[in-house]
Structures are given as structure tokens and as C-alpha cells.
4 protein chains.
Amino acid sequence: MPTGEAHPRRVGGRIRSQDAHDAVLAAAIELVEELGYQAVTIEGIANRADVAKSTIYRWWKSKALLVLDGYRTAVGQRMPEPDTGSLAGDLTAFATALYGVSEHPLRVRTLRGLMAEAQLDPAFAQPFREWVESRRAVVLTLLTRGAERGELPADADLEAATDHLFGLFWYRLLVGHRPLTAKEAPAHVAQLLQGLGGTESR
Amino acid sequence: MPTGEAHPRRVGGRIRSQDAHDAVLAAAIELVEELGYQAVTIEGIANRADVAKSTIYRWWKSKALLVLDGYRTAVGQRMPEPDTGSLAGDLTAFATALYGVSEHPLRVRTLRGLMAEAQLDPAFAQPFREWVESRRAVVLTLLTRGAERGELPADADLEAATDHLFGLFWYRLLVGHRPLTAKEAPAHVAQLLQGLGGTESR
Amino acid sequence: MPTGEAHPRRVGGRIRSQDAHDAVLAAAIELVEELGYQAVTIEGIANRADVAKSTIYRWWKSKALLVLDGYRTAVGQRMPEPDTGSLAGDLTAFATALYGVSEHPLRVRTLRGLMAEAQLDPAFAQPFREWVESRRAVVLTLLTRGAERGELPADADLEAATDHLFGLFWYRLLVGHRPLTAKEAPAHVAQLLQGLGGTESR
Amino acid sequence: MPTGEAHPRRVGGRIRSQDAHDAVLAAAIELVEELGYQAVTIEGIANRADVAKSTIYRWWKSKALLVLDGYRTAVGQRMPEPDTGSLAGDLTAFATALYGVSEHPLRVRTLRGLMAEAQLDPAFAQPFREWVESRRAVVLTLLTRGAERGELPADADLEAATDHLFGLFWYRLLVGHRPLTAKEAPAHVAQLLQGLGGTESR
DNA sequence: CATTAACCGAGACGGTACGTCATGTCTTGGC
DNA sequence: GCCAAGACATGACGTACCGTCTCGGTTAATG
């Protein structure tokens with residue numbers, strides 16, 4: 001998966017330096033961890049990565065896109081797509097993994113920064129939304145599979161259920177009024193499914 | 001009226017200009033509406049309000065605190081504290097009002113901007129959190145009253161339920177992947193109460 | 001001699017506080033000594049003197065006038081008017097006292113600050129010039145007396161001689177390329193008088 | 001050409017804009033002429049020169065250094081190094097040129113401003129002193145040459161003589177109690193040389 | 001194998017807003 | 001009417017990053 005941005009057919013010229021590209025991503029992640037998203041600047045990243053500012057701009061349009069990219073690269077595709085056989089099991093596994101993010105300061109800082117940027121920079125809102133959608137899709141898949149197995153009423157609002165799950169997660173993450181621990185996941189999932197009229201509580 | 005910041009008992013000195021104070025708040029709100037939170041600057045507010053920058057800094061430490069103040073002043077204490085006699089009724093009334101915020105672009109812009117700022121500016125995070133808590137408290141009150149009436153199991157997690165309600169709201173607001181309309185409120189409340197094991201669905 | 005500025009016949013009201021006035025002068029001198037002329041501010045003086053800023057402005061129009069006033073008060077009328085019987089003796093005594101200023105950091109700092117201010121603030125240039133003239137007058141008196149005694153040619157340019165004396169002093173003081181010590185005074189006076197065609201060298 | 005500040009060998013980077021550099025110096029001189037040193041601001045210069053403030057700060061640390069630079073550029077190296085064959089001739093030529101500065105308002109304003117700044121800003125004092133020294137050196141050269149030709153006693157204090165010459169000039173310039181005209185130069189030089197015990201008057 | 005075009009580093013450029021500072025004026029209540 | 005207190009409008013400060021640009025120099029693929 002080509003990070004940075006795709007570019008048109010080259011007809012000559014030096015090829016882009018993979019080293020520079022990787023150094024930038026690594027520097028970005030490091031700096032977010034050290035300083036927090038807000039305090040990181042493009043100039044700072046360029047210095048840390050020993051790279052020219054223009055090289056960064058050639059690949060990424062904004063700090064937000066760069067950090068999002070770095071986050072994906074560093075943290076990887078950690079969102080699991082569990083398949084335990086039951087909807088409750090699948091959702092609990094997912095939620096447990098999701099809530100676990102709260103225990104990693106780098107991830108917390110990054111997610112909060114990215115969400116903030118999505119509010120402030122319209123150009124970033126869309127890529128961010130797409131990334132969010134890709135994570136919502138995982139949950140929707142689990143729910144759909146459960147519904148197909150008859151574990152949910154036919155008229156259950158799966159979209160809303162997904163938003164409930166992520167909504168709680170983000171709300172706690174962003175407001176920080178109380179921590180969110182992996183232990184709470186099963187109870188929340190149970191409550192969610194019961195709210196949907198699921199059959200798991202029998 | 002908790003606007004600007006309270007300051008200790010004056011023992012002399014020119015009295016604070018109410019005109020300047022009000023003009024600043026009004027200008028802040030106007031500009032957020034016109035340009036969006038991000039594009040608003042303290043200098044811009046000072047110009048619009050025909051007030052010196054230093055006057056603004058004397059009373060508000062940051063754009064975020066100023067806008068939060070202006071938001072409270074302009075929008076007022078609109079969060080209702082309904083008392084319909086039933087928990088379902090109370091929550092539905094509240095949620096309907098809450099979701100209604102989505103229909104006012106100014107409020108949406110402001111809330112998104114403030115939430116973003118709370119992520120980026122640690123100094124603002126706390127005042128913001130306090131404001132959020134004051135709104136959570138309303139819902140907690142409703143839930144507590146319902147529980148006392150026996151409408152909820154004794155062991156229901158009211159805090160989590162509150163976060164579910166606001167979580168969905170904010171998640172939709174911030175990500176913007178789908179609109180949030182007041183019509184959805186009753187269904188969400190029903191689902192929430194059913195998840196809590198409430199007796200309302202009988 | 002009324003320092004500050006004279007004010008019209010009072011027709012009632014609280015009498016001006018001599019305490020406040022003196023405290024201001026003292027604070028000004030202290031602060032110039034501690035921080036240097038440049039770093040002293042009216043606000044700082046007001047704080048140090050425990051006096052309102054407006055009280056200072058009521059008496060003095062600018063920091064420069066205040067410091068000049070304070071300088072006169074603190075340093076006093078130290079410029080001697082020697083009468084040794086010979087022009088060379090008189091001038092040497094005067095020059096020795098003048099050069100001695102260089103050894104007092106407070107006086108050096110103050111004089112340099114005042115001269116600077118006279119360049120930058122046209123409103124201060126005139127009072128400053130008058131003060132300078134009052135010191136020039138002392139030397140002119142000595143020279144005139146010497147001329148009347150026949151110690152100088154009739155056509156000697158006494159004004160120019162005065163400026164030579166003060167010019168060297170100020171130049172060294174302001175540029176600071178080399179110190180000016182009281183020991184040098186006799187040689188300079190001798191040179192000056194010889195330049196004027198005086199009879200002292202016999 | 002010692003303009004702006006010399007900077008280390010470039011190893012890359014956009015080349016320094018000569019246009020911007022020149023425009024800044026020109027604007028600085030113009031504004032000093034129009035408004036006087038005191039009223040000129042860095043922001044004003046930036047506006048007039050159509051240049052970013054940061055560009056100015058990149059090359060000059062203060063208004064004083066910028067104006068000094070502009071003054072050297074605009075006025076050029078006007079201090080002559082006359083060689084008339086006699087010390088009296090040389091000094092008279094020099095003094096005449098020096099006194100002539102008084103007739104150019106721009107130069108007067110600039111010199112007074114720079115001298116003032118040197119008193120107030122320690123960081124500027126040194127560069128200013130160096131510039132002053134470079135002008136003193138010219139006179140010292142003339143005197144030394146004269147001494148070598150036997151026109152002065154062996155023990156004459158050439159440094160003091162130099163300070164006498166410049167001292168009178170600056171004193172009149174700064175205090176402004178009486179004008180200084182080129183016509184006075186010969187008389188002052190004659191007096192100076194006679195004070196030194198020179199042989200020129202025979 | 002030379003050309004050539006895009007890459008890279010460095011860093012100057014025009015901008016914009018920042019938050020601070022001191023100014024001199026004013027408006028209170030108290031003496 | 002003076003005084004302390006301190007809010008006010010003003011305006012420049014020097015800083016920090018932004019995103020763009022212009023260099024000299026490098027490095028492939030193309031012709």
C-alpha cells in the first residue's frame with residue numbers, strides 16, 4: 001500500500017528516496033510520542049529526520065496526513081477481525097482490543113491529535129473520515145455476520161450500534177473524565193447487545 | 001454570571017468595561033459563525049470588537065476559553081432538565097434537545113472547535129472537561145431519579161449510560177460520517193434503556 | 001527649589017503628598033543604579049515607590065525629566081566653582097571634579113541615559129540643554145575671570161574652549177573606548193590653555 | 001562589502017535576495033530622513049521595503065545595526081584621508097569634511113540616533129564603538145604621519161588630540177546649543193595643534 | 001553514454017499571528 | 001482635589017512556523 005501520495009508516470013529523474021520517506025515517518029512518530037501532537041512541527045520533523053522541509057511537503061500535504069500515515073505504519077493494522085463463533089464473543093474481543101489503545105500514550109496522543117486536526121482542517125477531515133470508516137467497517141462486518149446467524153432482530157440498527165461502540169470509546173478518550181480499561185469491554189458489549197434486542201442474554 | 005474570569009475583590013482601579021467585555025464575546029461568536037473556529041484569531045476578534053488585544057488577554061487566557069465563554073453566553077443554558085415523570089420521557093426530551101444542536105451550524109462549529117482545542121491545549125482541557133461534566137451531570141440526575149423510582153436495576157452503570165448518550169452524539173458530530181437528527185433520539189433512548197435492563201419497554 | 005513642576009493656585013482638595021514625590025525620586029535613582037537607565041520604566045518606578053502611575057505623570061512629563069530631577073536631587077550641586085587665583089588652577093580643579101564622575105557608575109549610567117533621551121525625545125532636548133548650559137556657564141565664568149586677569153588673549157574663543165573641555169569628557173563617556181581618569185585633567189587643561197594662547201605655561 | 005552580516009559559506013539554500021537586502025537599507029535611510037531615528041520602526045521599514053519582518057530580523061539584530069549599515073551604504077566612506085603634505089593641512093581638510101556633516105539633516109539625525117542607541121542598548125555599543133574607532137583611526141593616522149615628519153613633539157598625546165577633535169564635534173551635535181560650521185574648522189585645528197605644542201604656527 | 005528531469009539538502013523568502021510589554025489616559029472609591 | 005489601584009486603547013516588539021521558492025548537486029531511466 002503506497003503511503004505518501006501516488007504520483008503520475010515518471011519520465012525520468014531521480015527516484016524518490018525510500019530512506020528519506022521512512023525517516024520522516026519514524027521522526028514524526030517519535031516526536032508525537034515525545035512532545036505530543038500539538039507541539040510537533042513540520043520543521044521539527046525535518047530536523048529530526050535530517051531531511052529537507054520540501055521533501056516532506058513533496059510527499060504529504062499536512063502534518064496530519066503525515067502523522068496518520070506514520071501511525072498506520074508504526075502501529076500497524078492492529079484492529080483485529082475476530083471470529084469466535086458468537087457475536088458477543090466477536091464484539092468483546094474487538095472492544096477489548098479497542099479499549100486497550102488507552103493504555104498506550106503514543107496512540108492516545110496521536111488519536112486525540114488527529115481527531116482535533118480533523119475538526120480544524122477541512123482538507124484533512126475527509127481522509128480522516130475514510131480511515132475512521134475503515135475501522136467502523138470491521139465492526140459492521142461482525143454485526144452483519146451475527147445478524148445473519150440470527151443473533152439479532154432483523155430490524156436492528158447496526159450503524160447506530162457501531163457508533164455506540166466507537167462513540168463511547170472516543171468520548172472517554174477525548175474528554176478524559178475517566179479512564180477506559182479493557183476490563184469494561186464485556187459489560188459494555190453485553191449492554192449494547194441487550195439494547196439491540198439480541199438473544200445472547202438468554 | 002461566570003463570564004470572563006472572576007477576579008478578586010477590587011479595592012480601586014477603573015471599573016471593568018462591560019461594553020468591552022460584551023463586544024468581545026459577541027465578536028467571537030460572530031466570527032466563529034462566519035469563518036469557523038479555526039480561522040478565528042484573537043487579533044481578528046479584537047479588531048471586530050474594537051477593543052485592544054491586551055484587554056482580551058487580560059480576561060481570557062486563550063481563544064478557546066473566550067469562545068467557550070461566548071458560547072455559553074450566546075447559547076445560554078439551553079440544556080433542559082426535563083421532568084416528565086418517566087425516565088424514558090426525560091431522556092427522550094433531553095436527547096432530542098441535544099441532537100437538535102446538530103441543526104445549528106454555529107453550534108456545531110463551536111463544539112467541534114472546542115473539542116479540538118481541548119485535545120491540543122492542555123491548559124484548556126480542564127476547563128473544557130468541567131464544562132462537559134456539567135452537562136453530564138444533567139443526564140446523571142435524570143438517571144438517578146429514574147433509578148430511585150425503580151425504573152432501573154439497582155446495579156445499572158449510570159456513568160456508562162451517560163457516556164453512551166453523549167458518546168454517540170459527539171462521535172457523529174466530530175466524524176461527520178452521518179447526520180444526527182432529533183428524530184433518532186427516541187430510538188436511541190429506548191435502546192439505551194433496554195441495554196440497562198430498564199422496565200420501560202413493557 | 002520646587003522640583004517636579006509648579007502648579008497653579010490650588011483651590012481646594014487634598015494637598016500633594018511630599019512623601020509620594022520623594023519616594024518617586026528615590027525609587028528612580030535606585031532603579032537606574034540597579035538596572036541602568038534603559039531598563040527603568042515608569043511602571044517600575046511606581047511599583048518601587050508604592051505610588052500610582054498617575055501620580056508620577058502628574059509631576060513629571062517623562063522618565064527623562066524625572067531621572068534628571070532625581071539626579072540633581074541625589075547628586076546635588078556637586079559641580080564646584082573653584083577660585084584658586086589662577087585660571088589654570090581653577091580649570092584643573094573643575095576638570096578634576098568633572099572627570100571624577102566617571103568613577104561613579106550611577107552617574108555614568110544616568111548621564112548616558114539622559115544624553116540618549118535628549119537625542120530621541122525632542123520634548124526632553126530643551127530641558128536637557130538648559131541643564132547642560134548651566135554647567136557650561138560655570139566654565140565660562142572661570143574663563144571670563146581668567147581673561148579679565150589677562151591670562152588669555154583678548155580674542156580667545158571662550159565658548160569653543162568650553163566645548164572642548166566638555167566635548168572630550170562626553171565623548172569618552174559616551175563612546176567608552178577608553179576610560180577617563182581624574183589624573184588626566186591637568187594635562188588636558190594645560191593643552192587647552194596652550195591652544196588658547198594662554199600665558200600659563202611660563 | 002560589510003553589509004548585513006557576513007554569513008558562513010553557503011552549502012545550499014536559496015540565495016540571498018539582493019533586492020530585498022537593498023530595499024531594506026534604502027527604506028531604513030528614507031524613513032530616518034522622513035521621521036527621525038526614534039520614530040522609525042522595524043515594522044515600518046518592512047512595510048516600506050515590501051519585505052517580511054522576518055527577513056529583516058534574519059540579517060540584522062536591531063534597528064540600530066540596520067541603520068548603521070544603511071548609513072554606511074548610503075553615505076559611503078566619505079571620511080576623506082587627506083594628504084596635503086602638512087599636518088595642519090590634513091587636519092583642516094578632515095575637520096572641514098567632518099563639520100560638514102552638520103549641514104545634512106539625514107546625517108545629523110542618524111548620528112544622534114545611533115549615539116543614543118549605543119547608550120541604551122549594550123548589544124549595539126560594541127559595533128558602534130568599532131565604527132567610531134574606524135573613524136578615529138583616520139585622524140590618528142594623520143597625526144602619526146605628522147609626528148613622523150617632526151611636526152609634533154615626540155611626547156604629544158595623539159589619542160587625546162583625536163578625542164578632542166571628535167569630542168567637540170559630537171558635543172555640539174548632540175547638545176545642539178550652537179551650530180557647528182565648516183568655517184570653524186581651521187581655527188579649531190590651529191588651536192588643537194598649538195595645544196599639542198606643534199611647530200606649525202611659526 | 002549523454003541527456004534530462006525529478007529528486008534531495010539547505011535555507012531564504014513573504015506571511016501571519018502570536019503573546020508580551022510599556023506607554024499615557026481614564027475612571028473608580030477613599031481620604 | 002489628590003491619591004492608589006488598575007482597566008483601557010495603542011502599537012511595536014521579537015518569535016515561531018507556515019508553505020513556497022530557489023539554489024547546487026545527485027541519481028536513475030530514456031533516447
Side-chain angles (χ1 to χ4, degrees), chain A residues 7-17 19-21 39-44 46-47 49-59 61-63, chain B residues 7-8 10-21 39-44 46 49-59 61-63, chain C residues 7 10-17 19-21 39-44 46-47 49-59 61-63, chain D residues 7-8 10-21 39-44 46 49-59 61-63:
Chain A
H7 49 294
R9 198 60 250 119
R10 7 185 349 279
V11 286
R14 178 172 178 172
I15 75 169
R16 285 187 177 182
S17 157
D19 282 4
H21 176 266
V40 171
T41 66
I42 297 268
E43 297 205 335
N47 285 344
D50 251 317
V51 141
K53 240 192 329 175
S54 52
T55 300
I56 297 183
Y57 281 109
R58 196 172 298 112
W59 292 77
K61 291 206 110 145
S62 69
K63 178 175 80 165
Chain B
H7 49 296
R10 18 175 286 97
V11 285
R14 178 171 175 174
I15 208 165
R16 177 173 184 178
S17 158
Q18 193 61 40
D19 282 6
H21 177 263
V40 171
T41 66
I42 297 264
E43 298 206 333
D50 246 317
V51 142
K53 224 181 0 163
S54 54
T55 297
I56 297 183
Y57 280 109
R58 190 173 302 111
W59 299 110
K61 292 209 124 171
S62 68
K63 178 175 79 167
Chain C
H7 50 293
R10 4 186 349 277
V11 286
R14 180 169 174 175
I15 205 166
R16 283 192 181 182
S17 157
D19 283 4
H21 177 266
V40 171
T41 65
I42 297 268
E43 298 203 335
N47 286 343
D50 250 318
V51 142
K53 247 196 316 181
S54 51
T55 299
I56 297 184
Y57 281 109
R58 195 171 300 112
W59 292 76
K61 291 205 111 141
S62 69
K63 177 175 80 164
Chain D
H7 49 296
R10 20 174 282 99
V11 284
R14 179 171 175 172
I15 207 164
R16 179 174 179 178
S17 158
Q18 193 62 41
D19 283 5
H21 177 262
V40 171
T41 67
I42 298 264
E43 297 206 334
D50 244 316
V51 142
K53 222 181 0 165
S54 53
T55 297
I56 296 183
Y57 279 109
R58 192 173 300 111
W59 298 109
K61 292 208 123 169
S62 67
K63 178 175 79 166

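Letters go in sequence order (proteins before strands), and every chain restarts at 1. If you're wondering where the values come from, they're calculated on a predicted model, not measured in any experiment.
The CD atom of Gln18(B) sits 13 Å away from the P atom of dT28(E) (whole-angstrom rounding). Rounding to whole angstrom units, CD1 of residue Ile56(C) and P of dA5(F) are separated by 12 Å. Residue His21(D) contributes atom NE2, which lies 13 Å from atom P of dG14(E) at whole-angstrom precision.
Legend: residues meeting side-chain hydrogen bond (donor to acceptor under 3.5 Å, both in side chains) with Lys53(C), ordered by chain and number and at least two apart, are Glu43(C).
Here Thr55(D) does not reach the OP1 or OP2 of dA12(E): none of its side-chain N or O atoms lies under 4.0 Å away. Look at Arg58(B) and you'll find a side-chain N or O under 4.0 angstrom from OP1 or OP2 of dC8(F). A sub-4.0 Å separation between OP1 or OP2 of dC8(E) and a side-chain N or O of Trp59(A) is present.
If you find the closest nucleotide of DNA chain E to Ser17(D) and to Asp50(A), the one lying nearer the 5' end belongs to Asp50(A).
Ala46(D) and Ala52(D) get closest at one heavy-atom pair: CB-C, 4.3 Å. Nearest heavy atoms, Ile42(A) versus Ile56(A): O-CD1, 3.9 Å.
One distance of note links CG of Asp19(D) with CG of Asp50(D); it measures 11.5 Å at 0.5 Å rounding.
Aromatic pair His21(C)/Trp59(C): ring centres closer than 6.0 Å.
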Walk along nucleotides 16-22 of chain E from 5' to 3' and tag each nucleotide B, S or - by protein heavy-atom contact under 4.0 Å, base first, then sugar-phosphate. -SBBB-S
